[in-house]
J.: 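Encoded as structure tokens, here's the structure I'll be asking about.
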Amino acid sequence: MRSSDVADKHLKFLTIIRTFVAFLFCGVAFGQSLPQQIPDSTLIVRKIEIFGNEHTKEQIIRREMSITVGSVLTAEAVEHDLQRIYSLGLFNRVELDSVVDGKHVDLSVVVHERWYVFPFPILGIKYRNPKNLYYGGGLTHQNFRGWNEKLWFAFALGFDRWVQLGYQNPKLTADDDLFLRAFVRYGRIRSLSVTDELYDQTQLSIQLTIGKRFGLYHWLMGWMNYDIWQVSEARLGRTVSPTGRDAYLTTGVRLVLDTRDLQEYSTRGSYATVTASKFGLGESDVDFFKMGYDFRKYVSLMGDLTLGARTFGMFSGGGIIPPYRHEYFGYDERIRGYFTTVFQGENIMGNSLELRFPILKPRYYTFPYSWLPEFSVWRYGLYVGLFVDAGRIWDRHEPLSMRGWKSGIGGGIHFLLPYSLVARTEYAVNKEGRGEFYIDFGVSF
């Protein structure tokens, strides 16, 4: 796993922890639909007020809104802003109320805050394989100081053993759009390579990321890592250095465009990111680079039917690339139809198409007997998805024709659960005609 992605993976994992903890605080529930959209009009927004944010600063909410004082109110803008605010992951419910006065309208954004501080147990499986059990514990604050800052400390034993400490601040001061992330991780990690026998690796990774947000939808970030990788038994090909220990600096830059309506399960908008990283600076034995892209688009075909499309790739160059920096299908990235099959190489490409249709549009459950108000409102929904995946992976010295494309087609049911958790039950058939059923967490893309 690339160390620049470790913090993102861990934050996604914490959403699962929050959901299961929330079940402990709930009573009997009843359903309530999401608020209806405001119809298109020529009303001019005169005032915007925010209510319910007892802990969260107003600026965090307002910076997600396209509606401003003086703009024309439309149903599309209302839906867009409600979804973007909910995607912060700070609220159980987001609503918008209006009061019309002639040609003007006063808006009230009403939020219901989540519980933010969690001591939590860790119990899970690595890379979706039940044999890879790990367990531990940690503590997280998901909205430190009310600025959407995140702090976490966690440790795990079992298949992989690690300890990590992280901090993320999406807005360093009230007057700028600079953000920062710092992350330290140390662990003993099992090798991913399918071309060598199983062995242990010790990893120390220290990362600092600084970036800037431009308007509503654009981010530019750069980072620097210091990594040490050491294998349990030095052998040719496991590390770049013949000693079995690689220590090196990494620098990288990433440009992001994100107009998605709801990040946890998108049905409208676009996502695009371009990344370039240089591994190894100065006198290090490590000396290679990677360049990648990830483009996603979500469009409405008719009614509530949505088509999502994704294409991504990561390409390597320069010196020797050790297995712990190879690309893989079968771990974080999957080809449905080959869900548990591992493919390994230096370069990777993938494409996906997915039709999404709601059986039950997102709505709210309200728990009148909840012990804590932060767990009294839950958002849920149910979708059907039909998909096709294709991907290929190869080494630089190989001709593209040596390893062909792998592909799969299938469908399933997607459960949109409280606290931004998505669970999927799907069945896929690959190009060889073999089928597989699986359960997975998180949206496919």
J.: Are S420 and R114 linked by a side-chain donor-acceptor pair shorter than 3.5 Å?
T.: yes
J.: Assess the side chains of Y328 and E333: does a donor N or O sit below 3.5 Å from an acceptor N or O?
T.: no
J.: Quick check: Y265 with Y383 (ring centres under 6.0 Å apart)?
T.: yes
J.: Check whether any side-chain heavy atom of I50 lies under 4.5 Å from a side-chain heavy atom of R62, and answer yes or no.
T.: yes
J.: On the ring face of Y364, is R93 found with NZ or CZ under 6.0 Å from the centre and within 45° of the axis?
T.: yes
J.: Just by distance, no angles: are the side chains of R185 and S205 close enough, under 3.5 Å, to form a donor-acceptor pair?
T.: no
J.: Is there a side-chain contact between R336 and Y438 in this structure, where contact means two heavy atoms from C-beta onward sitting under 4.5 Å apart?
T.: yes
J.: Hey, could you give me each pair passing salt bridge (charged side-chain N to carboxylate O under 4.0 Å, His left out) that has a residue in residues 341-350? Not counting sequence neighbours.
T.: E346-R396
J.: Does L151 reach the side chain of F153, with side-chain heavy atoms less than 4.5 Å apart?
T.: no
J.: Can N148 and K150 be counted as having a side-chain donor-acceptor contact under 3.5 angstrom?
T.: yes
J.: Is the NZ or CZ atom of R325 both under 6.0 Å from the centre of the six-membered ring of F279 and within 45° of that ring's axis?
T.: no
J.: Both conditions, 6.0 Å and 45 degrees, for the charged tip of R190 above the ring of F159: are they met here?
T.: yes
J.: With respect to N225, which candidate in L249, T250, T251 satisfies the side chain to side chain contact (heavy atoms under 4.5 Å, CB included) definition?
T.: T250
J.: For D294 and T273, does a side-chain donor sit closer than 3.5 Å to a side-chain acceptor?
T.: no
